[in-house]
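A short worksheet on the structure shown next.
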Amino acid sequence: MKTYMLLLRGINVSGQKKIKMTGLKQSLEKLGLQNVQTYIQSGNVVFDSAITSESSLEKSIEKLIFESYKFEVPVLVFEAKEFETIVKGSPYLDSETVEVNHSYFVLLKTLPADFLVALLNSETFLNEEFVISAKCIYLNCKIGYGKAKCTNNFFERKLKVQATTRNLKTMSKLVALSSVVN
């Protein structure tokens with residue numbers, strides 16, 4: 001049995017793609033996932049599963065959501081240890097950045113093409129900096145994410161991948177929940 005993080009992209013935003021976490025939890029349990037815990041309404045879930053393929057879990061959950069809610073959403077699944085490594089790997093964990101809540105994680109569903117990463121890395125943005133790794137873009141928005149040019153949609157468009165963004169508080173809470181499950 002392994003512990004996983006499930007992140008859904010673009011649900012419960014401005015009345016679009018509504019999914020209640022209680023209903024999602026029940027549906028995931030019917031799939032055979034265990035110790036299912038949700039965190040806030042934006043599609044953050046920690047669960048245990050005997051299935052060891054993140055890709056298989058993603059496909060099963062995508063199918064479940066489509067059948068239950070009649071719309072598609074990008075689904076990202078990470079093994080808990082990998083997720084914790086991603087959080088600890090952020091270059092933007094200094095006390096000043098953390099204190100003002102400017103540290104973000106753009107989690108990638110697939111690896112972007114090297115040439116797209118190189119093109120993006122050649123660009124610079126006022127008050128924003130980022131570091132691209134294999135599964136995550138670490139983002140520091142010095143004036144806040146709400147005013148950022150480097151948004152989730154921006155990175156998806158530039159790198160031609162699906163992604164979802166979370167702040168440090170959410171990422172840290174999910175790591176804490178996964179240690180409760182274990």
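Note that the numbering runs from 1 along the sequence shown for the chain.
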Counting N and O atoms only, with roles assigned by atom type, does the side chain of [X] sit under 3.5 Å from a partner on the main chain of [Y], one being a donor and the other an acceptor?
{"X": "Lys109", "Y": "Val75", "answer": "yes"}
{"X": "Ser122", "Y": "Leu119", "answer": "yes"}
{"X": "Glu58", "Y": "Val77", "answer": "yes"}
{"X": "Glu54", "Y": "Glu79", "answer": "yes"}
{"X": "Glu156", "Y": "Ala163", "answer": "yes"}
{"X": "His102", "Y": "Cys141", "answer": "yes"}
{"X": "Asn44", "Y": "Tyr39", "answer": "yes"}

Would a hydrophobic clustering, with Ile, Leu, Val, Met, Phe, Trp and Tyr connected at side-chain separations under 4.5 Å, put [X] with [Y]?
{"X": "Leu174", "Y": "Ile40", "result": "yes"}
{"X": "Tyr104", "Y": "Ile143", "result": "no"}
{"X": "Ile132", "Y": "Leu93", "result": "no"}
{"X": "Tyr4", "Y": "Val73", "result": "yes"}
{"X": "Leu76", "Y": "Phe66", "result": "no"}

For the atom pair [atom1] ([X]) and [atom2] ([Y]), what is the distance rounded to the nearest 0.5 Å?
{"X": "Leu111", "Y": "Leu116", "atom1": "CG", "atom2": "CG", "answer": "12.0 Å"}
{"X": "Thr110", "Y": "Gln162", "atom1": "OG1", "atom2": "CD", "answer": "7.5 Å"}
{"X": "Ile19", "Y": "Ser68", "atom1": "CD1", "atom2": "OG", "answer": "8.5 Å"}
{"X": "Leu57", "Y": "Ser49", "atom1": "CG", "atom2": "OG", "answer": "4.5 Å"}
{"X": "Ile65", "Y": "Lys70", "atom1": "CD1", "atom2": "NZ", "answer": "12.5 Å"}
{"X": "Leu108", "Y": "Ile137", "atom1": "CG", "atom2": "CD1", "answer": "4.5 Å"}

Pair Thr38-Leu28, side-chain contact (heavy atoms from CB on, under 4.5 Å): steps then yes or no:
CA-CA 11 Å; Thr38 62; Leu28 293 171; 5.9 Å; no
Are the aromatic ring centres of Phe154 and Phe130 under 6.0 angstrom apart?
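Between Phe154 and Phe130, the centre distance exceeds or equals 6.0 Å.
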Could you please spell out the steps behind the side-chain contact (heavy atoms from CB on, under 4.5 Å) verdict for Met21 and Gln41?
CA-CA 6 Å; Met21 293 301 102; Gln41 294 298 311; 3.6 Å; yes
Before accepting this row, confirm whether a basic side-chain N of the pair Lys30/Glu67 lies closer than 4.0 Å to the acidic partner's carboxylate O.
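Looking at Lys30 and Glu67, the cut-off is not met.
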Output yes when Glu128 and Lys149 qualify as a salt bridge under the 4.0 Å nitrogen-oxygen rule, no when they do not.
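No salt bridge links Glu128 with Lys149.
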Return the minimal non-hydrogen interatomic distance between [X] and [Y], and the atom names on each side.
{"X": "Tyr145", "Y": "Cys150", "answer": "CE1-O, 3.9 Å"}
{"X": "Leu177", "Y": "Gln37", "answer": "CD2-OE1, 3.3 Å"}
{"X": "Ser27", "Y": "Leu64", "answer": "CB-CD2, 3.7 Å"}
{"X": "Pro112", "Y": "Val117", "answer": "CG-CG2, 3.6 Å"}
{"X": "Ser178", "Y": "Thr3", "answer": "CB-CG2, 3.9 Å"}
{"X": "Phe83", "Y": "Leu7", "answer": "CE1-CD1, 3.9 Å"}

Are Leu31 and Phe47 close enough, and set up right, to give a side-chain contact (heavy atoms from CB on, under 4.5 Å), and what steps lead you there?
CA-CA 11 Å; Leu31 262 186; Phe47 65 89; over 6 Å; no
Would the number of heavy atoms belonging to other residues, nucleotides or ligands and lying under 6.0 Å from CD of Glu82 be above 12?
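Enclosed: over 12 neighbouring heavy atoms sit under 6.0 Å from CD of Glu82.
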NZ of Lys173: more than 12 outside heavy atoms within 6.0 angstrom?
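No, not enclosed.
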I want to check something: taking the side chain as every heavy atom from C-beta on, are Leu107 and Met171 in contact at a cut-off of under 4.5 Å?
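Heavy-atom side-chain distance check passes, below 4.5 Å.
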Option among Asn153, Thr170, Asn152, Thr151 that satisfies the side chain to side chain donor-acceptor pair (under 3.5 Å) test with Thr165
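Output: one option passes, namely Asn152.
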Out of Tyr92, Phe155, Phe105, which residue meets the ring-ring contact (aromatic ring centres under 6.0 Å, His included) rule with Tyr138?
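The residue from Tyr92, Phe155, Phe105 that satisfies ring-ring contact (aromatic ring centres under 6.0 Å, His included) with Tyr138 turns out to be Phe105.
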List the steps and the verdict of side-chain contact (heavy atoms from CB on, under 4.5 Å) for Ser90 and Leu168.
CA-CA 10 Å; Ser90 174; Leu168 176 61; over 6 Å; no
